[in-house]
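Numbers restart at 1 for each chain; the letters A, B, ... are given by sequence-line order, proteins then strands. The basis for the numbers below is simple: all heavy atoms, side chains too, and nothing from hydrogens, waters or symmetry mates.
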Amino acid sequence: MEKLEKSLREIAEKLLSEKKVDLIIGYERGTRPLRTTPCFVNKTEDVQKLIWDSSCDNNLAKYVVDRKEKVGVVAKGCDARLIAVCIAENQVPKENVIIIGVPCLGVVDRKKVESKLEEKEILEATIEGEKIKVKGEEFELLLAKNDFLCDSCLTCKHRNPPIQDVLVGEEVPELTEVNEFTEVENLEAMAAEERWNHFNGELSKCIRCYACRSVCPLCYCKTCFVDQSIPTWFGKTNDLSDTMIYHIVRALHVAGRCVDCGACSRVCPVNINLRELMKKIEKIVKERYNFKAGLSLEEAPPLGDFKSEDPQEFIK
Amino acid sequence: MKNVEKGWEPRILAFLCNWCSYAGADLTGISRIQYPPNVRIVRVPCSGRVNPYYIIKALQCGWDGVLVSGCHPGDCHYISGNLVARRRFAVLKDLLEYVGIEPARVNFSWVSAAEGGKFASVVTEVVNEVKALGPAKRLVKVRIEWKNLKNR
Amino acid sequence: MANIRDQCSWVHMHEHEAATEKAKDLVRMAVAKARVIEPLKRVSLGVTSRGLVIGGGLAGITAALALAKQGFEVDLVEKNNELGGFLRKIHYTLENDDTEEYLKTMIDNVYSNELIKVFLNAKVEHVSGYVGNFKTTVSINSGSDVRRELEHGIIIVATGGEEYQPTEYLYGKDSRVLTHPELENRIMMGPTPKFGNVVMIQCVGSRNNEHPYCSRMCCGEAVKNSLKIKEKDPMANVYVLYRDMRTYGLMEEHYRRAREAGVIFIRYEEESKPKVAQTKSKGKNGLQVSVFEPTIQEDIIIDADLVVLSAAIVPSQENEKLAKMLKVPLNEDGFFLEAHAKLRPVDFATEGIFVCGMAHSPKPIRESISQAKAAVSRACTLLTKDTIEAEGIIATVNPGRCTACELCMLVCAYNAIEIEETKRGKTAKVNSALCKGCGACAATCRCSAIDVKGFTDDQINSIIVALR
Amino acid sequence: MTNPYIPNLTVIRKITTENEAKDIKTFELTFKDSEAMKNFKYRCGQFAEISVFGAGECPIGIASSPMDKDAIQFTVKRVGVVTTALHNSEEGTVMGVRGPYGNGFPMERLEGRNVVIVGGGFAFTTLRSLANFILHKANREKFKDLTVIYGARNPGELIYKYDLEAWKKRDDINLNVTIDSAVPGWKGLVGFVPAVLKDVAPSSDNAIAVVCGPPIMYKFTMPVISELGFSPENVLLSFEMRMKCGIGKCGRCNIGEKFVCKDGPVFTYKEFQRMPKEY
Amino acid sequence: MKWKVIEKSKLPNLIGELAREYEIFAPVDRKSIGSFERLASGSEVSLDSRNTKKPPKDVFIPQTETLFTYKTGKQEVELAAPQVVIGQRVVLAVRPCDAKSFVLLDKFLSSGEYKDAYYKEKRKNTTIVGLACNHPLSTCFCTSLGGSPHGKEGLDVLLQDINDKYLIEPITERGEKLIEKFPWLKEAERADIDKAKKLSDDAEAAVKSKVSIDGVDNKLDGMFDDPIWEQICQKCLNCGICTFFCPTCCCFDVLDEDGKRIRIWDSCQFSCFTLHGSGHNPRPSGKERMRQRIMHKFNYFVKTHGESFCVGCGRCIQECPVNLDIREVVGAISALPTDKRSDND
């Protein structure tokens with residue numbers, strides 16, 4: 001990982017010094033174990049703060065929307081695809097963004113590591129190559145990184161950013177023959193009643209903190225549909241029906257745009273696996289319209305387009 | 001809104017596109033073709049006008065079924081209103097079914113201005129399917145009953 | 001309006017109690033909407049009573065003359081340095097009218113008519129505005145590159161079609177393989193030549209996967225020229241190799257006359273197309289056509305002196321560029337797509353723009369003329385009014401909520417929405433003249449930034465919650 | 001335990017439309033329970049939370065003067081969900097009123113001094129209450145001379161026309177009504193409020209200025225007020241912020257550490273200068 | 001009142017006895033998310049070493065609460081305020097920092113000319129039984145805010161886990177009344193008390209992360225337009241996690257919903273929190289909103305109520321999606337030289 005970090009810093013320094021960008025958005029070491037935090041570098045000497053390892057899980061595409069100045073963004077495969085979607089939807093002009101693509105072998109899911117250690121608190125953690133060294137009060141463990149990757153990274157088919165201006169390091173082999181819809185298929189196999197109770201249980205934990213909306217780069221509406229007043233569509237209380245509808249409609253809104261970066265599931269403080277909804281939407285759009293989000297800047301989004309031969313088996 | 005004891009009758013909300021399905025419904029009337037009285041019709045300019053919010057809000061308000069009907073592909077008075085809507089409805093229907101809402105609750109159909117008979121048969125089919133499902137419970141927002149709260 | 005008659009009483013005759021309950025509900029729903037409706041103001045817009053005709057072929061000229069006859073000024077824009085288009089290649093018709101003469105008089109009328117301004121060697125560079133208020137920049141490159149800005153209320157697209165340059169049947173490799181216009185030149189120019197064996201091959205470049213459509217006028221041309229050859233040289237043998245003789249309508253009459261005149265029509269199947277080969281026999285290189293006749297299940301071989309190909313009509317290259325400029329659709333074959341085959345055959349979806357002639361699809365001369373006049377009659381429904389009223393039921397944008405993501409522009413069939421730069425950033429803006437109020441944009445917009453007057457989200461929401 | 005969130009029930013007795021655009025109306029409410037009416041003692045400049053059941057609540061300045069005992073008036077502009085629902089209701093509808101909230105104008109500081117009222121646009125409600133209170137026969141002599149400067153975009157937007165007429169006839173008030181730009185048939189003053197204030201130039205000694213209007217008006221009026229020699233503590237400003245509870249608990253109406261609903265809405269210009277510019 | 005002791009094994013039946021008379025709230029482990037919920041049976045209680053993820057504030061301020069219900073007739077409206085609390089309640093295993101948050105909430109909600117009736121009534125008939133922290137987390141900094149892992153402020157009774165037993169220390173008079181209901185509790189020996197003392201001292205020493213907040217409120221006075229805010233708030237996503245998980249954040253929204261007026265949790269981080277009807281928003285971007293959160297906790301509340309509105313529980317640090325650490329923010333502010341700030345009064 002150090003090789004990647006070094007070349008990332010060189011690229012950042014070059015971009016800043018050549019005035020190609022006014023700001024670099026990347027990751028720096030966080031204040032807590034296994035945590036990195038977004039960092040905004042505009043002076044070449046701060047470039048040393050930039051780091052890269054597989055705990056850089058924040059989705060930096062969120063900071064690209066409505067950027068006035070020229071920006072260089074460190075972007076994993078999913079982030080780069082989301083920046084592409086934001087550019088295609090005119091939320092930021094292409095010439096304002098330089099995508100610094102970083103081939104990514106998957107980011108570590110902190111919740112998986114914490115649940116593995118149950119009660120014991122992690123005081124220190126470092127990632128070395130394939131291993132995670134975890135230190136606590138009176139324990140020290142070496143964990144295999146690949147057992148603790150985020151769910152979306154396990155089936156990610158775009159480890160190398162499909163759209164980028166600069167590539168850090170070399171391309172990594174892509175996962176090809178992996179079925180990314182296994183969880184969705186398991187849920188689909190359930191009976192409707194069982195699925196309803198499953199989603200009821202999951203979404204009843206929601207406390208409407210809107211972190212999933214705040215972290216998703218696709219949610220840039222000025223007034224979200226839950227905050228609208230004339231008419232007030234759905235309630236803002238944590239009543240079960242309002243909460244389920246909030247998540248259902250948000251899933252509809254990312255149809256044909258979501259790239260499954262997994263940020264919404266990672267950020268949820270009450271551990272709701274929102275990917276179950278978003279992945280189903282991705283499956284619907286893929287099967288019905290053979291569309292995959294964020295792979296090109298020109299392609300019309302599926303819900304803004306139509307073909308005469310679109311499937312209509314569900315129409316009487 | 002629903003009396004479950006004696007012969008419960010479902011209430012179905014129908015969004016009919018002004019140029020084809022609404023005219024089709026009128027033709028059903030002119031030709032006196034009978035169909036069950038459970039449907040309440042809302043006229044919209046085009047099936048493309050029907051926002052997923054309407055369908056979800058209807059389900060939340062306790063409507064037992066929703067029908068959206070528009071012109072056949074190619075006949076749309078607004079050229080592509082129904083074609084754009086078709087994709088939207090496809091995604092919505094698949095997602096609602098996935099979340100666990102009975103598929104028969106949300107129905108879509110193409111009925112042209114000349115198909116009075118088809119409109120009646122579509123409505124009958126929808127009413128029977130919804131009646132088989134029973135009153136809508138999933139996603140319905142429970143309204144507070146006035147009686148048991150007024151205790152001070 | 002609560003539709004109690006057609007949608008309640010007449011359709012629930014035997015369930016009085018339920019029907020009354022339904023009628024009450026329908027009234028409740030109608031009242032719920034009525035409480036939040038607002039008056040719809042109809043926006044009136046001025047109309048520049050001038051017309052623009054793009055393309056100076058037969059259709060273009062007919063349209064320009066017809067418009068002038070109605071008293072409207074016309075700008076006629078032609079990309080070549082002379083008027084006439086495809087008609088210049090045709091000298092006579094099936095009914096033996098003299099098209100050259102007809103074209104000459106039409107062109108004289110055009111030039112002599114002071115209402116019509118002709119721009120030769122002129123190309124349309126940019127079109128802006130909307131019905132009644134179009135602004136077009138035309139670049140004229142006769143020598144120096146001059147740009148002219150034209151203002152008009154309607155646009156008639158008459159850019160015509162082009163003849164398909166065949167690559168099969170040794171066309172271009174053997175001087176004896178011609179197309180019908182070339183044959184016509186030869187017939188008209190030369191003295192009474194001897195034709196000998198003439199073999200005509202139909203559907204060249206038409207009805208294949210590249211151009212799946214039928215060019216509709218080549219069977220007529222074949223019959224016309226075979227009759228002309230028989231008339232000029234009765235001893236000539238004319239063979240027409242066809243897949244289907246589509247001399248529809250009154251042309252059927254001439255097809256019968258051709259058969260009576262001794263023209264031999266031989267059918268072939270699409271899979272076993274005729275073959276044309278050069279042969280070396282008796283010292284001079286002959287031309288041999290062999291075709292597999294399905295009924296007798298045998299190959300027929302003809303030594304031909306002349307092979308005439310009925311080449312298809314293909315859309316002109318500029319259609320793509322012009323369509324983007326006018327924001328009008330092309331069909332899969334590349335011709336201009338009319339708003340509705342039966343109800344609005346010469347209109348485009350975008351109001352104020354019309355199409356006629358071979359730009360719309362290949363068609364014989366008569367049909368081009370009648371379609372040109374039809375386009376003019378439709379155009380005059382707009383030009384005769386000095387103001388047109390935009391619909392009351394149109395979409396409006398709430399700039400406070402719009403994020404200018406252009407999703408509404410993608411779904412608008414009428415291209416009525418543009419992105420506008422304001423102090424507060426970019427927002428969508430609806431052109432009330434073009435908007436038809438279908439609401440596709442309002443339903444697609446995630447942030448409900450766009451709403452349709454008369455069917456607003458608030459009104460429909462109050463209907464949904466009316467019976468709670 | 002007195003529950004501050006339960007409103008008193010009132011009935012709309014009279015609705016008068018105030019401007020041509022018909023989006024400003026004055027609602028006269030009478031309390032259903034006379035006891036509650038008596039306890040509803042309020043000062044000029046205070047506001048109340050009006051409940052439109054089914055739509056919600058909104059904070060509206062009390063427009064009637066504390067002197068008329070039988071009813072209270074609120075002037076409401078149609079802006080959001082609650083105000084639209086209010087505009088759609090007719091006489092006889094039952095509304096909820098909670099309050100009075102806010103500190104209102106410090107009447108004791110105004111007594112024995114000249115009062116200069118400067119109002120703009122539709123925010124003239126609480127100033128009208130103050131003017132009527134001062135002009136009431138029981139209070140008039142407690143105050144020295146009263147100058148009123150009131151401006152609106154055009155004659156159609158001027159509200160309380162009947163009060164303005166009544167005040168014109170009196171001699172103990174120096175009334176100046178102006179509109180932003182000249183309109184045919186308008187004989188009165190023309191010009192923005194700050195400009196008219198400069199011309200009228202009320203003397204600042206032993207005088208207190210009460211200013212109320214949209215934030216844009218403050219920006220231009222404050223320099224003129226200081227020029228006229230009013231010291232910052234002799235200038236009262238009234239603010240309008242988003243409010244929900246009206247009693248300083250829901251946490252949204254603060255400017256700095258001051259809650260506009262509890263510690264305001266009236267602040268002296270001196271206090272205002274110390275507060276962060278977040279209003 | 002003497003201190004008592006109870007074996008860990010006996011705790012469930014103590015809770016069982018309590019349940020007969022009181023409605024009990026205690027930490028329940030709902031799929032690894034600790035939260036305070038009404039107990040069905042004693043067994044569910046999970047008293048693991050960590051503090052619960054969700055603060056106990058929803059015992060007193062539920063996320064959705066009905067203020068009153070109304071029934072609108074022709075020209076008639078009937079109002080009915082619901083019964084706020086039926087009978088006495090007990091909250092078990094509240095950590096000292098959360099208990100301190102109740103004291104701060106009392107200052108904010110139950111003081112002043114108008115008191116929040118719903119909150120006040122619930123506080124009046126709820127007894128709070130605390131549980132001292134023996135293993136503070138790395139994100140805890142309660143000692144910097146005047147608290148301690150075994151602080152007593154805001155508690156009626158304090159339990160302390162001494163390996164096999166719990167030491168019970170009644171603090172307030174209401175706490176004593178509660179303990180008296182269980183005569184079978186044994187007295188605590190000297191050894192138990194010393195062991196508890198030692199455990200608390202170790203715990204106090206174990207709170208390593210320190211933040212100096214003295215002088216921070218004065219520094220914040222002149223800092224409203226300081227460019228440092230731009231830097232601090234740049235990465236903040238303005239979601240609602242830090243405010244919803246903060247034990248002292250109690251902002252709420254009031255709205256009407258078919259037949260009832262309800263109040264729900266709201267957050268100063270949401271965009272329409274201060275949106276005016278005219279469309280003007282005094283806090284248009286994320287920077288102003290995060291600045292408001294810091295100013296309110298470390299300046300405004302100090303000015304109006306004399307102490308910071310933060311108890312150092314560290315939940316906002318654990319849950320923040322972008323790891324915006326409030327200790328870093330307060331540290332950066334307190335590190336700023338004081339002379340640069342010119343107070344403008």
Side-chain angles (χ1 to χ4, degrees), chain B residues 1 9 11 13-19 22-23 25-55 57-58 60-63 66 74-85 87-88 116 119-120 123 141 143, chain C residues 1-23 25-26 28-30 33 329 337 339-341 343 348-350 393 395 410-414 436-446 448 452 454-455 457 459-461 463-468:
Chain B
M1 187 161 131
E9 278 298 325
R11 274 178 191 256
L13 188 63
F15 293 95
L16 302 186
C17 108
N18 177 39
W19 303 89
Y22 194 82
D26 284 353
L27 181 66
T28 321
I30 296 158
S31 10
R32 302 296 197 279
I33 305 170
Q34 304 299 303
Y35 57 83
N38 307 63
V39 173
R40 308 293 185 256
I41 288 170
V42 179
R43 184 171 70 93
V44 283
C46 172
S47 50
R49 176 69 187 101
V50 177
N51 196 330
Y53 297 169
Y54 303 164
I55 298 170
K57 179 85 180 198
Q60 186 183 38
C61 288
W63 288 90
V66 180
D75 292 357
C76 176
H77 176 79
Y78 302 106
I79 319 288
S80 59
N82 52 2
L83 303 175
V84 172
R87 285 199 169 187
R88 211 181 301 139
F119 179 74
V123 166
K141 186 160 187 181
R143 294 194 65 235
Chain C
M1 181 262 286
N3 191 339
I4 307 290
R5 192 188 65 175
D6 300 13
Q7 291 175 1
C8 190
S9 57
W10 279 358
V11 283
H12 310 312
M13 288 187 185
H14 315 306
E15 290 135 306
H16 303 299
E17 193 253 7
T20 331
E21 196 50 43
K22 172 171 177 177
D25 280 352
L26 289 178
R28 277 193 204 99
M29 287 157 70
K33 175 172 182 184
L337 178 65
H340 193 279
L343 305 178
F348 275 112
T350 317
I393 300 176
L410 291 173
V411 297
C412 179
Y414 302 95
K436 288 282 168 283
C438 75
C441 54
T444 321
C445 181
R446 291 184 290 269
S448 310
V452 179
F455 293 90
D457 284 340
Q459 288 162 6
I460 294 178
N461 180 56
I463 293 176
I464 297 172
V465 301
L467 305 183
R468 240 203 319 220

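There is no contact between B/Ala85 and chain C, counting heavy-atom distances below 4.5 Å. In this structure, chain B has no heavy atom under 4.5 Å from any part of C/Arg28. At a 4.5 Å heavy-atom cutoff, the contact between B/Val44 and chain C is made by backbone and side-chain atoms alike. Only the side chain of B/Arg88 has a heavy atom closer than 4.5 Å to any heavy atom of chain C. If you measure heavy-atom distances from B/Leu13 to chain C, the contacts under 4.5 Å come from the side chain alone. Proximity to chain C (any heavy atom under 4.5 Å) is restricted, for B/Phe15, to the side chain, taken from C-beta onward. Proximity to chain C is limited to the backbone of B/Pro36, based on heavy atoms less than 4.5 angstrom apart.
Each of B/Val39, B/Ile41, B/Thr28 was evaluated against C/Gln7; a single residue qualifies, B/Ile41, per the side-chain contact (heavy atoms from CB on, under 4.5 Å) test.
For the residue pair B/Tyr78 and C/Gly437, the shortest heavy atom distance occurs at OH-O, 4.4 Å. Considering all non-hydrogen atoms of both residues, C/Ala413 and B/Ser80 come closest at CB-OG, 3.6 Å. Between B/Asn51 and C/Ala442, the shortest heavy-atom distance links the atoms ND2-O, 3.8 Å. When all heavy atoms of C/Ala443 and B/Pro52 are compared, the closest pair comes out as O-CD, 4.2 Å.
Distance check: C/Ser9 OG to B/Arg32 CZ gives 8.0 Å after rounding to the nearest 0.5 Å. For the atom pair CD1 of B/Ile79 and SG of C/Cys412, the computed distance is 10.5 Å after rounding to the nearest 0.5 Å. Between B/Tyr22 atom OH and C/Asn3 atom CG the span is 4.0 Å, to the nearest 0.5 Å. Once rounded to the nearest 0.5 Å, the distance linking CZ of B/Arg40 with CD1 of C/Ile464 reads 15.0 Å.
Contact tally against chain B (heavy-atom pairs below 4.5 Å) for C/Leu343, C/Ile460, C/Leu410, C/Leu26: the top residue is C/Ile460. With respect to chain C, the highest number of heavy-atom pairs below 4.5 Å among B/Val84, B/Val50, B/Asp26, B/Leu27 belongs to B/Asp26. Top candidate by heavy-atom pairs under 4.5 Å with chain B, chosen from C/Glu15, C/Lys436, C/Met1, C/Met13, is C/Met13. With respect to chain C, the highest number of heavy-atom pairs below 4.5 Å among B/Gln34, B/Arg43, B/His77 belongs to B/Gln34. Counting heavy-atom pairs under 4.5 Å between each of C/Cys438, C/Ala440, C/Gly439 and chain B puts C/Cys438 at the top. Annotation: maximal heavy-atom pairing with chain C below 4.5 Å, among B/Cys76, B/Gly48, B/Pro37, occurs at B/Pro37.
By the 4.5 Å heavy-atom criterion applied to side chains, C/Asn461 and B/Tyr54 are not counted as neighbours. Looking at B/Tyr53 and C/Ser448, their side chains come closer than 4.5 Å, going by heavy atoms from C-beta outward.
Contact check on C/Asp457 versus B/Arg49 returns a salt bridge, with a Lys/Arg side-chain nitrogen under 4.0 Å from an Asp/Glu carboxylate oxygen.
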